[in-house]
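These notes are about the structure you will find just below.
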There are 2 protein chains.
Amino acid sequence: MGKQATEMLKGTLEGIILAILASRSAYGYEITAWLRQQGFSEIAEGTVYALLVRVEQRGLVDVEKVPSEKGPPRKVYSLNTQGQEYLTEFWRTWSFLSERLEQLRDGGR
Amino acid sequence: MGKQATEMLKGTLEGIILAILASRSAYGYEITAWLRQQGFSEIAEGTVYALLVRVEQRGLVDVEKVPSEKGPPRKVYSLNTQGQEYLTEFWRTWSFLSERLEQLRDGGR
DNA sequence: ACCAGTACCTTGTGATACAGACTAGCGAGG
DNA sequence: CCTCGCTAGTCTGTATCACAAGGTACTGGT
């Protein structure tokens, strides 16, 4: 998708991942795989892990270490109450931006 | 709107401004004022000017210096052919991202 | 002379995604 | 046995971007 997508992801990727965690608990590798499958083909693994660390430090998610049959133990993340609130705020911000942009798209015919 | 909005603007503000220039030529001060009026109340002036310099250097816009009755001369920007193409690409990227997010929003309950 | 409004520019900072490399555990094939 | 491939997580350095905070310059009104 190119550089545009990269820049556009800044600020939204966090919300995307929190939104995923809102519907179900997940671990980093799983999230990366899911994103790729959804069309975010160029998501760097390191990006997802770094983001998870960030949201954990901000106290938006809870973490549980779960042993895996294949490979090293997984860090399973789940959205907590604070994360829920943050996500709500994210959707509000997104809606605002989204509306302005759709308006602009039409305006430009 | 807060920090979320700031981060979310990264990558999209460029498209927003190019979209504005697609419908009419404009200069920095004018664009800033318009954005504020549209609800982007916290847009920093410096941000807009820096962005305009960037898109000019990338050859996406043409510039014309126009004397003003009030204050220093205006730098009037207009979208050129290359900018048009870039904007089209921007809308494609935006659509992709937008669709995924709407999907996620529904999916989350 | 001063101040408000118009219009543009510059420097430094923080946040973020990416590239690329590394550690580590497990199973299968040579 | 041992290397390869997959799973899973981590780390360092880099580029981009919006912002804060300041400055420059020109005009008209008081």
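Values in this document were obtained by computation on a predicted structure and should not be read as measured data. Each chain gets a letter, A, B and so on, in the order the sequences are listed, and its residues count up from 1.
Each of B/A50 and A/P72 was matched to the nucleotide of DNA chain C holding its nearest heavy atom; the match closer to the 5' end belongs to B/A50. Between A/G46 and A/E7, the residue anchored nearer the 5' end of DNA chain C, judged by the nucleotide with its closest heavy atom, is A/E7. With the nearest nucleotide of DNA chain D identified for both B/S68 and B/G11, B/G11 has the one nearer the 5' end.
Rounded to an integer number of Å, the gap from CZ of B/R58 to C1' of D/dA15 is 12 Å. Rounding to whole angstrom units, CD of residue B/E14 and C1' of D/dT16 are separated by 10 Å. Across the protein-nucleic acid pair, A/K3 atom NZ and D/dT14 atom P stand 18 Å apart, rounded to whole Å. If you take CZ of A/R74 and C1' of D/dT10, they are 18 Å apart, rounded to a whole angstrom. Distance B/L51 CG to C/dT10 P: 15 Å, rounded to the nearest Å. Between the P atom of C/dA15 and the CG atom of B/L13 lies a distance of 19 Å, rounded to the nearest Å. Spacing between atom CZ of A/R36 and atom C1' of D/dA8 amounts to 13 Å, rounded to whole angstrom units. We find that CG of B/L97 is positioned 12 Å from P of C/dA17, with the value rounded to whole Å.
If you check C/dA17, C/dC8, D/dG9 against the side chain of A/E45, the one that comes closest is D/dG9. With distances taken from any side-chain atom of B/L9 to the nucleotides D/dG9, D/dC19, C/dC18, the minimum falls on D/dC19. Taking the side chain of A/T6 as heavy atoms from C-beta on, and the options C/dT16, C/dA7, C/dC18, the nearest nucleotide is C/dC18. Listed nucleotides C/dA19, C/dT16, C/dA7 differ in distance to A/A44; the shortest reach to its side chain belongs to C/dA19. Side-chain atoms of B/Y27 lie closest to C/dC8 of the nucleotides C/dT16, C/dC8, D/dA8. Listed candidates were C/dC18, C/dC8, D/dC17. Nearest to the side chain of B/K75 is C/dC8.
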Could you check B/E14 against B/R58 for salt bridge (Lys or Arg N to Asp or Glu O under 4.0 Å), going step by step and ending with a plain yes or no?
CA-CA 12 Å; B/E14 189 174 294; B/R58 287 191 213 154; 3.1 Å; yes
Could you go through A/R105 and B/S95, starting from their C-alpha distance and side-chain angles, then the distance that decides it, and tell me whether this counts as side-chain hydrogen bond (donor to acceptor under 3.5 Å, both in side chains)?
CA-CA 11 Å; A/R105 174 140 66 173; B/S95 298; 2.9 Å; yes
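Residue B/T47 places at least one side-chain N or O under 4.0 Å from the OP1 or OP2 atom of D/dC19. Between A/Y29 and D/dT7, a side-chain N or O to OP1/OP2 separation shorter than 4.0 Å is present. Dashed line: the shortest gap from a side-chain N or O of B/R54 to OP1 or OP2 of D/dT16 is not under 4.0 Å. Look at B/Y49 and you won't find any side-chain N or O under 4.0 angstrom from OP1 or OP2 of C/dC9. A sub-4.0 Å separation between OP1 or OP2 of D/dA8 and a side-chain N or O of A/K65 is absent.
Within the 4.0 angstrom heavy-atom criterion, no nucleotide atom of any strand lies near A/E30.
The base of D/dT16 sits within donor-acceptor range of the side chain of A/K10, with an N or O pair under 3.5 Å.
With a 4.5 Å cut-off on side-chain heavy atoms, B/Y29 and B/R74 do not count as touching. B/T32 has its side chain within reach of B/R36: a pair of non-hydrogen atoms, C-beta onward, lies under 4.5 Å apart.
Checked by atom type and distance alone, the side chain of A/E64 never pairs as donor or acceptor with a backbone atom of A/V76 at under 3.5 Å.
B/F96 has its ring centre less than 6.0 Å from the ring centre of A/F40.
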